[in-house]
Every structure is written in C-alpha cells, then in structure tokens.
Protein chains: 4
Amino acid sequence: MEKKISQKIRERARRIKMLIMDVDGVLTDGRIILGSKGEELKNFYVQDGQGINLALQKGLIVALVSGRKSKVVERRAEELKISEVYQGVSLKIEVYHKFLKKYGLKNEEVAYIGDDLGDIPPLRKAGLALAPANGVKEIKDIVHYVTRASGGRGAVREAIDIILKAKKTY
Amino acid sequence: MEKKISQKIRERARRIKMLIMDVDGVLTDGRIILGSKGEELKNFYVQDGQGINLALQKGLIVALVSGRKSKVVERRAEELKISEVYQGVSLKIEVYHKFLKKYGLKNEEVAYIGDDLGDIPPLRKAGLALAPANGVKEIKDIVHYVTRASGGRGAVREAIDIILKAKKTY
Amino acid sequence: MEKKISQKIRERARRIKMLIMDVDGVLTDGRIILGSKGEELKNFYVQDGQGINLALQKGLIVALVSGRKSKVVERRAEELKISEVYQGVSLKIEVYHKFLKKYGLKNEEVAYIGDDLGDIPPLRKAGLALAPANGVKEIKDIVHYVTRASGGRGAVREAIDIILKAKKTY
Amino acid sequence: MEKKISQKIRERARRIKMLIMDVDGVLTDGRIILGSKGEELKNFYVQDGQGINLALQKGLIVALVSGRKSKVVERRAEELKISEVYQGVSLKIEVYHKFLKKYGLKNEEVAYIGDDLGDIPPLRKAGLALAPANGVKEIKDIVHYVTRASGGRGAVREAIDIILKAKKTY
C-alpha cells in the first residue's frame, strides 16, 4: 500500500464511479477449497471487506463478476451489502456493458480488477484497469496498475484506497 | 521476535496491566473463510494461544474486541479462558473506556493491538499501541510498535512477550 | 511465469501430447486438511483450473495420478473435465505405461509433474519432467524444469503455459 | 533441505532410534482452525507424511506428543501408522522418560522436535534437539538444529531426512 501512485493513475482513479471485481484470485486468494462432504470454501480477507464498506459509504458502485458459481460468494456479497453479483459468467464483457448501460456510465468511470485471461476484454475497456500481484503475466502486461497485495490479501482494499484517495474522500 | 525493542517501548510495556486485542487480522490471519454449507471458519495460531495462557498466568487482564460477530471467537476465547469478549462492536473506543472504568485503569496501563481504521481511536489512547505486520498503513503510522509477525501468525505472542519481558515476569 | 524458458525445454515441450500430474503438492498445495467431523479438504487453485481448461481445449490429454485417495480429487477432476484419474496408486510408473499404451504415445510425447520420491520413475521416463518449486531436492535434481510457482499456487498453470506456448497454441 | 548439515549434527543423527514430535506448529503449521459448527481442522503436509512412512519403513520409532487434544491428530496418526500418540500432555518430559524406559533407549538415541516453551525440558535431554523455522526464539536458542522448513511445511520431513541420511538408510 506504500507503493507510489503516479499522477496518471490518480487522474484515472479520480473519475471512477464504479468498481467491478473478479472473485477467485481477486476478492479471494484463488484457493478452491473442496471437502469430502461436498462442501466448498473460500478465503476472503477482513481488510478487503472494510475497504468495500468504505467504498459503498462514499457512494462508489461495487459489483462482482465471476466465471465460476458458488453459494459462498452470495453469502459474502450479502454480508458486504454488494447487490450487483453475477456468477457463472462466460463472457464478462457482456456484464460489463450491461453495467455501463444500467448506470449510464462511460468507460472512464469504471475500474475493473481481474487476475486471469477471461478478464482481458473488460480490462481493455475500463478507465482504470487493475490486477492483483498474483495475476497472470498476460493480465499484468495490459493493466494500468498492479497492486502490491495479492488477491484475498488486500488487493481489493488497495484498489479502493487508490480510488478514494484520488477522489479525496478517503 | 528478534527485533530490538527500544528503551522507550520497554518503559511503556512495563506499566501495562491489560491487553485489548482486535480479532480478525490480529488474533487471526484476517481470513474470513466461508463455506457452502453455511459454515464460517477462522485461523488462530497455537503460539498466540500459549502467549495468552502465559499472560493470564502472570496476571495480565486480556480482552477481545471485534467489529464482526462469530461463534468461533467465543469458542477460542473459552478455550483460552479469556472472559472479556465483545463482538459486533461498532465503536471500539466505548468498550475501551468501559474497561478502564471496570478495572480502574489509566491509559498508560492498557496495551491495544489492532490492524484497521476502526482501531484508531483506542490506539490513540492506549499507553502501548501496537499493530501487526499486516496492519493498514494508517494504523502502522500511529502505533508505538509494529510487530514483526503478522496477525494469526505470532503478532499477539510477540506483543505479550514484549510486555512480560519488560515486566521481568516472562 | 517470467522465468526464461531455454530453447532445449521448448524443444521438449513442443512434442508433448499428454500431461500427467501428481495431485498432493502439485495440483494442491500439499496440505492434508483434516477435520474433527471426519472431513478432509484440499486446496486447489483457480488459475491452475483455467490452465487445465485451456489445455483440454487445445487437445492436450490430461491425467491425475495420486498415491493417496480422496473423494475431493474426483470432485475437482469432474469439475475440470479430467477423465483420467488414478488414485491410491502405489507404483505410478505402471499407470504411466498404461497411458502410453492406451494413447499410443512415446515417452517424448508425455510431460509429467511430481514433487516427491514416488514420482521419480515416471519423471525419469517422461519427455518433459517437471517439479513444482516445493518439490523435494531429489526430484528437483532430476527434472528438466522446476516451476517458479509452488504446487496449488500456479505450478500446473506454469507447466501448461510452457507446453502450449512451445506448441504456439496458447 | 539444501542447508549444509555439519559433521556434529550428522554424528548425533547417526545414533537416533526414535523421533518424538510435538504436533501443533511442528507436524501442522500451527493453525488452530475453528468453525461455526463446532468443527476443528488442522493443516498437515503430504511430504511430512511421506517422510514418516519412510522413517517407519527404516525402523525408526515415531511418536507424537501434544499439549492440546484433538480427534484430528488421532486420525492423521492412524493414517500414518504412528502408534505412539500422547495428547493433552501437560508435562512432556514425563512422556519422554516413559518412552526411554519402554524402548530401553538412552538420551543419545532420541530426537525431539518442538516449537514452543513446553518443549524445552525434552529438548534439553534429547540427543538430537530440533526446532522448525517457526519455533519461538527461546527454543531456537537451545536446539542443535533449526530446520529450514516451517512446521506443517516440511520441517518433519527435513528432520527425518537428516536422520536417515546420517544412518545411510535414506
């Protein structure tokens, strides 16, 4: 979080009104934890949750878009009061465009954070494209900013801090 | 734990009679582990537990204060024989003041360890303010001491070691 | 993933038609997670899953061979559409030979990734022998390539990337 | 595992006939994982299990001694065919002496690996005293050897490798 944020990134961050997040490897640490009794677990992070609370308080629109599908994500979204949750999405760019239309937003007003190939199309459009430290090389090569923190260990909090600080609402 | 403790920190630690701890990210590693069958899990650390045992034996008052609420925290507190457990607390400073009154303590006699923004008010008051290595920057900037260990991986043990060693009761 | 791949490794990777993987410590992080209610859990990684999806799409044959036995592995294999799953295997080389026969493959066309002593016989045969960063010394000493990533944290994805990129089908 | 083993440590290791291990923080990563449905989980490591298999095959006596008590430890011990399992032990030195008597062993023939204060008395007696990388400072200061690996991530495997290699039975 002590990484220097360039003036260019701050400019991009200042305009953001909505943050769209991939789930596995971004809001979680990417672990798919499976149990012998049919259970599936995910690791979220308390500081990311606090960041999302803060973002919602400051009026940012927050959304989750996941290629996989899990009841656990709904539970975490509910706890954090995130109402926009799309799971089992094969083409994330379609959901991205749906959000722009629904909220009347321009690309410059949307931040997107993702860690893998399926996130490339929305990352190419978003005004602020972010990857967590654990993102695959192809993603890190195209985003505006790679967070110091990994997914599920502060990457989302770091993204939100950058946006809120640029908007001077932190 | 091999970090050099300054004379100033030792002075502060010598006066401590009570240790108040945040839970997620301090006594745990901050992971919010959710399962598809409605379960929630937390990661505690065996060496932190041993430290708390030792602290209680040596007469330190130990308390947990958490913004979230979980049955798991009660279970861990019971196992460790921590009787002061406050969960679902929105203003931690209120619980802090309640403790001072209940035990007739001055700020100088209280140590507080926390990792996130909600811990700032009590950290500003406590005679010994501590953050785990994983604390957010805003917290690390105001505490007297940042532990080498992270939350749920020895931060609490390190805090207790500093206090008990300063009191020569380790 | 940014580790330079030598021309020799690329040559070996280019010929690969099948990838055989050990499970614990390769496709998982090696943690054997046991619970008091008889449950057993394993940590898989979302990016490894994406890599396997991609490998299957590109026509690579993918197989799991494990010395242990767990229902969880079947579940993960099903989710990833891996049909070749052998568990409770004491001599992995026997399964290795079975695959060669079944698919009419030569050693040069098989990649094998394993982390421990039981993987030595197939690793000595495979055209591309790989170990994850957490592999034991005896394994790392005999493989053609040690991935930067650890098991359950991208080792399998890295192996697949090397193969698909060498075949120019990534 | 690539740490150079001194001649002195090899001398000590050569005489070992029994390995006694603490559980939490040594055979596990020290995490006490508690769930909202009353479950408790522990993280073991596949490579440690392989090491224990090998040790038993080579005729080493293997024992677990834990200050805590958990059904999970029994399960893991059963799976690994460790028959000597003592849990809920307050004075580990008593169990240590019991083992010496039962098996007719001298101190020089026993290796002990532990990570915390309760392990000090047996560590002071054992012919080969070991601590995992995550051991507390007081323990690391008195043992003959600190493993490179942490508990639950290869420390036990490393200990066994040192013993078996010194005995030339690896």
Side-chain angles (χ1 to χ4, degrees), chain C residues 21-44 64-73 87-92 113-121 123 131-143 146 150-153 155-156, chain D residues 1-5 23-24 27-55 57-58 68-80 87 147-158 160-162 164-165 170:
Chain C
M21 297 180 272
D22 177 24
V23 178
D24 293 292
V26 173
L27 193 63
T28 78
D29 60 7
R31 284 193 172 87
I32 308 291
I33 313 173
L34 300 181
S36 56
K37 308 206 157 174
E39 65 272 45
E40 176 169 358
L41 295 98
K42 286 192 193 293
N43 289 329
F44 297 95
L64 300 182
V65 183
S66 176
R68 296 181 91 247
K69 205 167 180 159
S70 160
K71 269 196 282 184
V72 169
V73 174
Q87 295 199 73
V89 172
S90 47
L91 292 175
K92 293 178 177 177
I113 179 164
D115 75 321
D116 212 335
L117 305 182
D119 300 304
I120 291 184
L123 285 171
N134 56 299
V136 300
K137 190 184 176 307
E138 289 77 8
I139 290 293
K140 289 179 172 179
D141 283 351
I142 64 161
V143 297
V146 177
S150 287
R153 297 303 292 164
V156 164
Chain D
M1 238 170 284
E2 289 154 76
K3 197 166 155 183
K4 216 39 194 218
I5 306 303
V23 177
D24 292 293
L27 193 63
T28 79
D29 61 6
R31 286 195 170 86
I32 307 291
I33 313 173
L34 300 181
S36 57
K37 308 208 159 175
E39 67 272 44
E40 175 170 358
L41 296 98
K42 287 191 192 293
N43 288 329
F44 298 96
Y45 189 46
V46 67
Q47 293 179 3
D48 289 331
Q50 293 288 1
I52 290 170
N53 282 344
L54 207 59
Q57 271 175 42
K58 301 292 178 184
R68 296 181 91 249
K69 206 167 179 160
S70 160
K71 267 194 285 185
V72 168
V73 175
E74 282 168 44
R75 240 175 100 198
R76 181 65 172 156
E78 229 170 272
E79 191 182 51
L80 295 176
Q87 295 199 74
T147 64
R148 286 175 77 94
S150 288
R153 297 301 294 164
V156 164
R157 173 64 168 270
E158 193 177 336
I160 289 169
D161 281 4
I162 291 169
L164 297 186
K165 282 177 184 168
Y170 191 78

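Every heavy atom of this structure was used, including side-chain atoms; hydrogens, water molecules and symmetry mates were not. Sequence lines set the chain letters: A, B, ... in the order given, protein chains first and strands last, and positions in each chain run from 1.
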*Any chance you could measure D:Ile33, atom CD1, to C:Leu34, atom CG, to the nearest 0.5 Å?*
10.0 Å
*Looking at C:Gly25, C:Gly30, C:Gly118, which one has more heavy-atom pairs under 4.5 Å with chain D than the rest?*
C:Gly30
*Is a donor on one side and an acceptor on the other found under 3.5 Å between the side chain of D:Glu39 and the backbone of C:Glu39?*
no
_Let me confirm one number: the CG-CG distance from D:Asn53 to C:Leu117, rounded to the nearest 0.5 Å._
10.5 Å
_Closest non-hydrogen atom pair between C:Ser36 and D:Gly38, with its separation_ = OG-O, 4.2 Å
*Heavy-atom proximity to chain C below 4.5 Å, by part of D:Asp29*: side chain
*Kindly compute the distance separating CZ (C:Arg68) from CD (D:Glu79), expressed to the nearest 0.5 Å.*
4.0 Å
*Counting heavy-atom pairs under 4.5 Å to chain C, which of D:Glu74, D:Lys71, D:Glu40 comes out on top?*
D:Glu40
*Can C:Glu138 and D:Lys165 be counted as an ion pair, charged N to O under 4.0 angstrom?*
yes
*Take C:Ile32 and D:Arg76, measure what side-chain contact (heavy atoms from CB on, under 4.5 Å) needs, and give me the verdict at the end.*
CA-CA 9 Å; C:Ile32 308 291; D:Arg76 181 65 172 156; 4.0 Å; yes
*Identify the heavy atoms of C:Asp116 and D:Gln47 that sit nearest to each other, and give their distance.*
OD2-CG, 3.6 Å
_Any side-chain to backbone donor/acceptor pair from D:Arg75 onto C:Gly35? Under 3.5 Å, distance only._
yes
*How many angstroms lie between atom OH of D:Tyr45 and atom CZ of C:Arg31, to the nearest 0.5 angstrom?*
9.0 Å
*Given that the side chain runs from C-beta out, which part of C:Asp115 has a heavy atom under 4.5 Å from chain D: side chain, backbone, both or neither?*
both
